[in-house]
Amino acid sequence: MRNDYNGIANYYDRLSRIVFQRSIIKAQAYLLEFVQDNNRILLVGGGTGWILEEISKLNKQNVSVVYVEKSAKMTELSKKRKYKNISVEFVNSPVETYTTQQQFDIILTPFLFDNFIDKKIKYIFSKLDTYLKKRGFWLYADFVNDKQNNKAWQQLLLKTMYTFFKLTTNIETQKLVDLKGYFEEKYVMITQQFYYKHFIQAVAYRKIR
Ligand SMILES: C[S@@+](CC[C@H](N)C(=O)[O-])C[C@H]1O[C@@H](n2cnc3c(N)ncnc32)[C@H](O)[C@@H]1O
């Protein structure tokens, strides 16, 4: 299976903290400032689910999350998290096959799209876009792909990461796609924040069309 995180789920967070310290957490915590009372959130690729505890800590009223995660092991770990004051529906399946009649206030895709080839990104992006309400927020966090401005060590780290994930998860791509162009047509960028010497970005987009 491609993009199979089951084998590394148990040590994924530890590894990510060793390499990136708290940058991955900070980037996502920053985006969570957009969560308001009564929001319905579609969260795709949440990993071990630590972010559910962060959403819960916001102490907002009546927040619900649909948690779409391909890995059974990641989903199992996520279910064990402490998230008492939010309601969570777990969907253990690839987002490609997830369908719903619901409309969401927020779509959250943290370090999801770095897994896919461009064709798959196109498919998933347009699918998720139909589930987001007009004026809703798409909260996006991922690595920065900027060949001109990325430092040599960042290019090397990216290459090393893709090799590591090829060996451990059979990741389907070896190339980080810049999603900026996907958002251009219907979204405006509200804020963008960088972490880890400009190697990690957290971006909030608002759907205007
Ligand atoms: C790089 S990890 C990021 C985990 C988490 N967001 C974090 O920042 O710690 C990518 C996650 O996306 C999940 N994933 C990969 N492909 C997916 C797909 N097609 N549909 C849903 N989840 C997917 C993986 O199982 C994994 O948990």
Side-chain angles (χ1 to χ4, degrees), residues 1-34 43-57 67-83 94-95 107-118 120-121 124 138-180 191-204:
M1 186 170 56
R2 293 285 196 173
N3 299 338
D4 178 3
Y5 279 74
N6 285 325
I8 60 168
N10 277 328
Y11 64 90
Y12 180 85
D13 283 350
R14 244 173 303 144
L15 192 65
S16 126
R17 308 294 183 265
I18 289 169
V19 181
F20 297 109
Q21 291 106 49
R22 290 184 56 80
S23 300
I24 299 252
I25 300 176
K26 280 192 207 154
Q28 293 175 58
Y30 172 72
L31 292 174
L32 292 184
E33 287 174 22
F34 284 86
L43 168 49
V44 187
T48 67
W50 59 267
I51 196 166
L52 290 174
E53 296 186 349
E54 297 302 315
I55 296 172
S56 171
K57 280 186 216 158
Y67 192 89
V68 181
E69 170 53 63
K70 175 174 171 171
S71 156
K73 186 69 198 165
M74 288 292 202
T75 307
E76 186 190 315
L77 293 171
S78 300
K79 284 181 179 171
K80 291 183 186 151
R81 297 285 181 177
K82 297 186 180 76
Y83 50 85
V95 66
I107 288 182
L108 181 53
T109 53
F111 299 88
L112 172 76
F113 284 104
D114 53 14
N115 283 286
F116 308 128
I117 54 171
D118 213 3
K120 177 90 74 74
I121 292 176
I124 295 173
W138 190 316
L139 307 178
Y140 167 83
D142 223 314
F143 299 102
V144 175
N145 180 15
D146 181 350
K147 285 224 166 63
Q148 265 148 25
N149 293 314
N150 275 12
K151 312 262 181 323
W153 66 264
Q154 293 173 334
Q155 290 293 334
L156 183 66
L157 181 53
L158 200 57
K159 237 179 155 183
T160 310
M161 280 174 3
Y162 273 119
T163 305
F164 171 79
F165 285 111
K166 178 76 196 158
L167 295 171
T168 53
T169 70
N170 196 18
I171 194 167
E172 72 180 36
T173 187
Q174 287 291 300
K175 205 178 108 208
L176 180 65
V177 176
D178 186 346
L179 261 75
K180 222 181 289 151
T191 178
Q192 182 175 34
Q193 196 79 14
F194 293 98
Y195 302 85
Y196 207 74
K197 308 238 187 258
H198 227 270
F199 188 48
I200 287 173
Q201 58 179 326
V203 196

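Computed from a predicted model, the values in this text were never measured in an experiment. Residues: numbered from 1 along the sequence shown.
- Under the 3.5 Å distance criterion, with hydrogens and angles disregarded, a donor-acceptor pair is assigned to the side chains of Ser78 and Tyr67.
- Side-chain atoms of Glu53 come within 3.5 Å of backbone N or O of Lys82 as a donor-acceptor pair.
- Ring-plane geometry between Tyr5 and Phe165 is classed as tilted, the angle between the planes lying from 30 to 60 degrees on a 0 to 90 degree scale.
- Atom CZ of Arg17 has more than 12 neighbouring heavy atoms from other residues, nucleotides or ligands inside a 6.0 Å radius.
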#### Entry: Evaluation steps, salt bridge (charged side-chain N to carboxylate O under 4.0 Å, His left out), between Glu76 and Lys79
CA-CA 5 Å; Glu76 186 190 315; Lys79 284 181 179 171; over 6 Å; no

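- Atom CG of Leu77 sits about 6.5 Å away from atom OG1 of Thr48, to the nearest 0.5 Å.
- Note on Glu54 versus Lys57: salt bridge recorded, some NZ/NE/NH1/NH2 to OD/OE distance being below 4.0 Å.
- Across every non-hydrogen atom of Ser16 and Ile24, the tightest pair is OG-CG1, 4.1 Å.
- Neither side chain, Arg2 nor Thr169, offers a donor N or O lying under 3.5 Å from an acceptor on the other.
- Between Trp138 and Leu108, the closest side-chain pair of non-hydrogen atoms is not below 4.5 Å.
- Classification of the Tyr196-Trp153 ring pair by plane angle, with boundaries at 30° and 60°, yields perpendicular.
- Of the possible donor and acceptor atoms, none in the side chain of Asp4 sits under 3.5 Å from a partner among the backbone N and O of Met1.
- In this structure, Asn6 contributes its side chain and Ser71 its backbone to no donor-acceptor pair below 3.5 Å.
- Residues Phe194 and Ile200 form no side-chain contact, since every pair of their non-hydrogen atoms from C-beta on lies 4.5 Å or further apart.
- Salt bridge Asp13/Arg22: absent, no basic N to carboxylate O contact under 4.0 Å.
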### Task
Under the side-chain contact (heavy atoms from CB on, under 4.5 Å) rule, what do Thr191 and Phe34 come out as? Steps first, then yes or no, please.
CA-CA 11 Å; Thr191 178; Phe34 284 86; 3.5 Å; yes

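- In terms of modelled atom types and a separation under 3.5 Å, the side chain of Asp114 and the main chain of Phe143 share no donor-acceptor contact.
- Taken from CZ in Phe113 to OH in Tyr140, the straight-line distance is 7.5 Å, to the nearest 0.5 Å.
- Distance alone, capped at 3.5 Å, places no donor-acceptor pair between the Asn150 side chain and the Gln155 backbone.
- Here the options are Asn115, Val44, Val95, the test is side-chain contact (heavy atoms from CB on, under 4.5 Å), and the partner is Ile124; only Val95 passes.
- Put simply, NZ on Lys120 and CG on Asp118 are 12.0 Å apart, with the number rounded to the nearest 0.5 Å.
- Nearest approach of Lys73 to Ala9, heavy atoms of both residues: CG-CB, 3.4 Å.
- One finds the CG atom of Leu43 at 9.0 Å from the OG1 atom of Thr109 (value rounded to the nearest 0.5 Å).
- A heavy-atom distance below 4.5 Å is found between the side chains of Phe164 and Leu15.
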### Task
With side-chain contact (heavy atoms from CB on, under 4.5 Å) as the test, would you mind laying out the steps for Ile51 and Ile25 before giving the verdict?
CA-CA 8 Å; Ile51 196 166; Ile25 300 176; over 6 Å; no

### Task
Determine, step by step, whether Thr168 and Tyr11 satisfy the side-chain contact (heavy atoms from CB on, under 4.5 Å) criterion, reporting the C-alpha distance in whole Å, the side-chain angles of both residues, the deciding distance to 0.1 Å, and the verdict.
CA-CA 12 Å; Thr168 53; Tyr11 64 90; 4.2 Å; yes

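- Taking OH of Tyr30 as the reference point, atom CG of Leu139 lies at 10.5 Å (rounded to 0.5 Å).
- Expressed to the nearest 0.5 Å, how far CD of Gln28 lies from CD1 of Ile55 amounts to 9.5 Å.
- Geometrically, Arg14 does not engage Trp50 in a cation-pi contact, judged by NZ or CZ lying under 6.0 Å from the ring centre and within 45° of the ring axis.
- Put simply, the side chain of Gln174 gets close to the backbone of Tyr162: a donor and an acceptor are under 3.5 Å apart.
- Using a 4.5 Å cut-off on side-chain heavy atoms (C-beta onward), Val177 and Ile117 make no contact.
- Distance alone, capped at 3.5 Å, places no donor-acceptor pair between the Gln201 side chain and the Val144 backbone.
- In this structure the side chain of Leu157 reaches within 4.5 angstrom of the side chain of Phe20, judged on heavy atoms.
- The closest donor-acceptor contact from the side chain of Gln154 to the backbone of Lys197 lies under 3.5 Å.
- Crowding of Lys180 atom NZ: a count of heavy atoms from other residues, nucleotides or ligands under 6.0 Å not exceeding 12.
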#### Entry: Worked check of side-chain contact (heavy atoms from CB on, under 4.5 Å) between Ile121 and Leu179
CA-CA 9 Å; Ile121 292 176; Leu179 261 75; 4.1 Å; yes

